[in-house]
Amino acid sequence: MNDDQLLRYSRHILLPQIGIEGQEAIVGARVLVVGAGGLGSPAAMYLAAAGVGTLVLADGDTVDLTNLQRQILHSQEGVGRFKVDSGRDTLARLNPEVRVLPVAHRLDGAALEAEVAAADVVLDCTDNFATRHAINRACVAARKPLVSGAAVRFDGQVSVFDLRRDDCPCYHCLFPEAEDVEEVRCAVMGVFAPITGIVGAVQAAEALKLLAGCGETLTGRLLLLDALAMDWRTVRLGRDPACEVCASR
């Protein structure tokens, strides 16, 4: 790192759990953030502020006026623009050293597999089960750590699926893919604005810990937040030996 970087990231470097080596790992990392909405906004902003070298921001949606209540990556001027373009501009103002690669379409198939394979850590900041399961399958195949978050109404949840580890469950172990699963989306159910910020910030924290190799991540645990009561709970997760997605890895 150069002198400016040493100064910019000095508060990380002062932490013995991170230090210069951990910060260099962050600066040299490539992170894929799928979803530039309520969760992706704070996650991407903290990752950029922390100095992640390359951020791939994937989202095919445009900014809508209803997004501005919670999606802090975007502003009034961004309404109608692709979220990834609006987000790239915000992140450039926040930290011009970070290379932001916008992907203005829904990642799937071979394109999703390629982006996951190229990433050091993947953040699932999406809001539908089909995309979540596709991301999980790609992460299992490439053995990449996945940081998954969700938020709706006053409820949030976060977990880490470190698929580099043979003993770690995958997203499918926790939420098996099924046709009869009912989607609960904020466009219909509503969402308390700060809950997306809390969950997205936790996702960023877990991703940075994975990159720097410090602390204990949420691998094997599901963190649940009831923001109406401001009550946190942790549920232990186990790998499903019969999982259709990860059992054979």
Side-chain angles (χ1 to χ4, degrees), residues 1-59 63 68 70-78 81-104 115-116 118-125 144-149 158 160 162 164 193-194 196-219:
M1 290 184 290
N2 58 40
D3 290 344
D4 286 344
Q5 288 175 314
L6 290 170
L7 185 60
R8 177 186 283 268
Y9 307 123
S10 61
R11 299 307 187 267
H12 263 179
I13 294 169
L14 286 170
L15 296 170
Q17 297 89 344
I18 296 180
I20 289 181
E21 289 187 0
Q23 186 60 45
E24 285 179 336
I26 292 170
V27 170
R30 180 183 177 112
V31 175
L32 171 62
V33 179
V34 187
L39 302 177
S41 289
M45 292 175 76
Y46 271 114
L47 292 173
V52 168
T54 302
L55 272 176
V56 181
L57 196 59
D59 195 311
V63 180
L68 303 184
R70 66 201 175 281
Q71 298 184 16
I72 58 175
L73 199 57
H74 316 296
S75 64
Q76 183 81 29
E77 292 72 23
R81 298 183 66 197
F82 278 112
K83 288 183 179 180
V84 293
D85 292 334
S86 168
R88 176 190 55 197
D89 293 347
T90 300
L91 298 176
R93 290 191 295 270
L94 186 63
N95 188 350
E97 293 186 349
V98 175
R99 180 176 176 231
V100 180
L101 304 179
V103 179
E115 288 293 354
V116 167
D120 295 299
V121 176
V122 178
L123 275 71
D124 179 357
C125 300
K144 299 290 181 169
L146 170 62
V147 183
S148 176
V158 193
V160 172
D162 191 346
R164 300 170 299 183
T196 59
I198 295 168
V199 172
V202 173
Q203 286 184 267
E206 293 299 288
L208 291 170
K209 285 159 57 183
L210 286 164
L211 295 173
C214 69
E216 181 181 351
T217 70
L218 284 169
T219 299

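Everything quoted here is computed from the prediction, not taken from an experiment.
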- Query: At what distance, to the nearest 0.5 angstrom, does CG of Leu218 lie from CG of Asp162?
  - Reply: 11.5 Å

- Looking only at heavy atoms, which two atoms of Leu55 and Ala44 are closest? And how far apart? CD1-O, 3.7 Å

- Check Lys144 against Ala119 and note the closest heavy-atom contact, atom names and distance. NZ-O, 2.9 Å

- Task: Could you tell me whether the side chain of Val63 reaches within less than 4.5 Å of the side chain of Leu68, counting heavy atoms only?
- Result: yes

- Item | Spacing of CZ belonging to Arg88 relative to CZ belonging to Arg93, to within rounding of 0.5 Å | 11.0 Å

- Partners meeting side chain to side chain donor-acceptor pair (under 3.5 Å) with Tyr9 (sequence neighbours left out): Asn95, Glu97

- Message: If we ignore hydrogens and angles and just use 3.5 Å, is the side chain of His74 paired with the main-chain N or O of Ala36 as donor and acceptor?
- Response: yes

- Message: Please give me the minimum heavy-atom distance between Cys214 and Ile18, naming the atom from each residue.
- Response: SG-CG1, 4.1 Å

- Would you say Leu47 and Leu208 make side-chain contact, with heavy atoms under 4.5 Å? yes

- Task: Mark yes or no for whether Thr90, through its side chain, and Leu73, through its backbone, hold a donor-acceptor pair below 3.5 Å.
- Result: yes

- Message: Nearest 0.5 Å, please: how far is CZ in Arg81 from CG in Asp89?
- Response: 4.5 Å

- Item | Residue among Val122, Leu101, Leu32 satisfying side-chain contact (heavy atoms from CB on, under 4.5 Å) with Glu115 | Leu32

- Can you name the closest pair of heavy atoms from Cys125 and Val33 and give their distance? SG-CG1, 4.0 Å

- Between the CZ atom in Arg70 and the CG atom in Leu39, the distance rounded to the nearest 0.5 Å is 9.5 Å

- Would you say the side-chain atoms of Gln5 pair up with the backbone N or O of Asn2, donor to acceptor, closer than 3.5 Å? yes

- Message: Under a 3.5 Å distance rule, please check whether Gln203 uses its side chain to pair with a backbone N or O of Asp124 as donor and acceptor.
- Response: yes

- Is a side-chain N or O of Ser86 found less than 3.5 angstrom from the main chain of Phe82, in a donor-acceptor match? no

- Heavy-atom closest pair (Leu123 atom, Ala204 atom, distance to 0.1 Å) is CD2-N, 4.4 Å

- Task: Looking only at non-hydrogen atoms, find the nearest pair between Gly197 and Pro42 and report the distance.
- Result: CA-CG, 3.8 Å

- Quick one: are Met1 and Ile20 in side-chain contact, heavy atoms under 4.5 Å? yes

- Item | Any donor-acceptor pair under 3.5 Å from Gln23 side chain to Ala50 backbone | yes

- Item | Atom pair CG/CZ of Leu211 and Arg30 - distance to nearest 0.5 Å | 13.0 Å

- Taking side chain as C-beta onward, heavy atoms only, is Lys209 less than 4.5 Å from Val160? no

- For Gly38, does its backbone N or O pair with a side-chain atom of Ser41 as donor and acceptor, under 3.5 Å? no

